[in-house]
Number of protein chains: 4
Amino acid sequence: MSMLTLEQANKLIGETIDKAVSLSLKPITVVVHDPGGHMIACQRQDGASSLRQKLASGKACGALALGVSSRKIGEMAVDRPHFVASLHALADGGIVPAAGGVIVTDADGRVLGAIGVTGDTSDNDEACALAAIEACGLRAG
Amino acid sequence: MSMLTLEQANKLIGETIDKAVSLSLKPITVVVHDPGGHMIACQRQDGASSLRQKLASGKACGALALGVSSRKIGEMAVDRPHFVASLHALADGGIVPAAGGVIVTDADGRVLGAIGVTGDTSDNDEACALAAIEACGLRAG
Amino acid sequence: MSMLTLEQANKLIGETIDKAVSLSLKPITVVVHDPGGHMIACQRQDGASSLRQKLASGKACGALALGVSSRKIGEMAVDRPHFVASLHALADGGIVPAAGGVIVTDADGRVLGAIGVTGDTSDNDEACALAAIEACGLRAG
Amino acid sequence: MSMLTLEQANKLIGETIDKAVSLSLKPITVVVHDPGGHMIACQRQDGASSLRQKLASGKACGALALGVSSRKIGEMAVDRPHFVASLHALADGGIVPAAGGVIVTDADGRVLGAIGVTGDTSDNDEACALAAIEACGLRAG
């Protein structure tokens, strides 16, 4: 399995937090998971509430589980709430249907893992994730 | 960990029940949890139904998990039901999206725990919690 | 259902803690549950670790679930570990097979609830529970 | 809540990995949790297997749940396997009874969180945790 290295995961998280700080967002939490949904790295900023790691992981792992961004899963949840609700019983660690979970690929589209961000608005969470992916020379899947 | 002492927790519960009695509310159940969501104290009044402790804890722990009152989580659940539904799989002990769960802080805003109240209307539940927090010289977070 | 009143539950907990303090035990946690296994009251002394309420409840609820003390369940677990292990999947809130969970009855043997104590040795935990039951004019089931 | 800052958590993890590298250990995974058992930070070295974050968290959170090191819980599990087995149903995220999970306190013994390490032998995992705690000017609880 091609996957993000710890060095890449740490850099993704660092860039995400830098972006959030530059935008004066609320304290955020950032996780990076491998393609199988297993955590590589996490950082929760001081002042973030207690469920934040699980929320961030639920965004990242949901994206990997369904092969789309957690923003897309949020849209699916509006259209077909019963379908998304059924996933909670299936997905180890849950699936959080809100923007901020993004699949990370290499230049050839190979899935290397996913990033999950939570703490501010879902749109801002996702914007930081996308900025970090670009800053690391990777691509959003 | 800065957290409410058992003495403070017992006093919070006593004040909450006194308030409920003075307002002739239905039997209530009151819990106090530490900042990590672990129970410090609980009292369920005679006549309260069987799920009440878990309901009260789901209000208090939901508030701590997301860093806002359970009233706010109730508002989020109206706006984005699929998002709040997704939290149930993540949060140990559940998250109850209805007023009555309030974060308790010291004068400097440091989180010391949370109180959860259930039994009457959510508005009345919350009013008793807020009255108790004030009577104990603490603050609602 | 005949069950302990909140006043009785609070008195049971108070007597248990008084006993523990008089014996200079480690910080203890005491819960009282109704005959259906639902919590009436809880107090966790300052300095007790975070899982303590669940441990105490697992002792009390295990006793109610099987109709014997949690000491007896501990003995069953030594004889037939596979049987007791199978209960964990059945029992809401778990079953903790160690002394300290005692069924509480009235003078006629009617089950009114159960008390669960944890924090010191299991033997000491149970001794405090038994002392409190007697001090309250109740009986150990 | 007094708890480790993200900066302290990252430094603890960095020191733990440095120690593991200096000893030529197998790839390790290190987590830091707050006193309530919620994750602050995690790093999984390249080549570590997929369950490693959960194993490390189960060591750290078990230590916090019971108020002793995961080494001690491992000893309890040898003496009373049925008791430790019963905890798995109670503890959110599980309890891993093997050395490598250590409570972290300040100089006054106040609990600030816990560190969990897995990947090499349990003794080596714990040795790295203890070295990191000392290097950060903190104490093992």
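Because the structure is predicted, anything quoted here is derived from the model rather than measured. Sequence lines set the chain letters: A, B, ... in the order given, protein chains first and strands last, and positions in each chain run from 1.
- Note on Ala9(D), Ala41(D), Cys42(D), Gly37(D): by heavy-atom pairs under 4.5 Å with chain A, the leading option is Cys42(D).
- Crowding of Asp123(D) atom CG: a count of heavy atoms from other residues, nucleotides or ligands under 6.0 Å exceeding 12.
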**Report entry** side chain to side chain contact (heavy atoms under 4.5 Å, CB included) evaluation trace for Lys54(D) with Asp92(A)
**Finding:** CA-CA 12 Å; Lys54(D) 291 190 180 176; Asp92(A) 182 40; 2.5 Å; yes
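- For the atom pair NE2 of His38(D) and OG1 of Thr29(A), the computed distance is 12.0 Å after rounding to the nearest 0.5 Å.
- From Gln53(A), atom CD reaches atom CG of Asp34(D) across 10.5 Å, with rounding to the nearest 0.5 Å.
- Closest non-hydrogen pair, Leu6(A) versus Ile17(D), comes out as CD2-CD1, 4.3 Å.
- To the nearest 0.5 Å, atom CD of residue Gln43(A) and atom CD of residue Glu7(D) are 11.0 Å apart.
- Between Met39(A) and Arg44(D), the shortest heavy-atom distance links the atoms O-NE, 2.7 Å.
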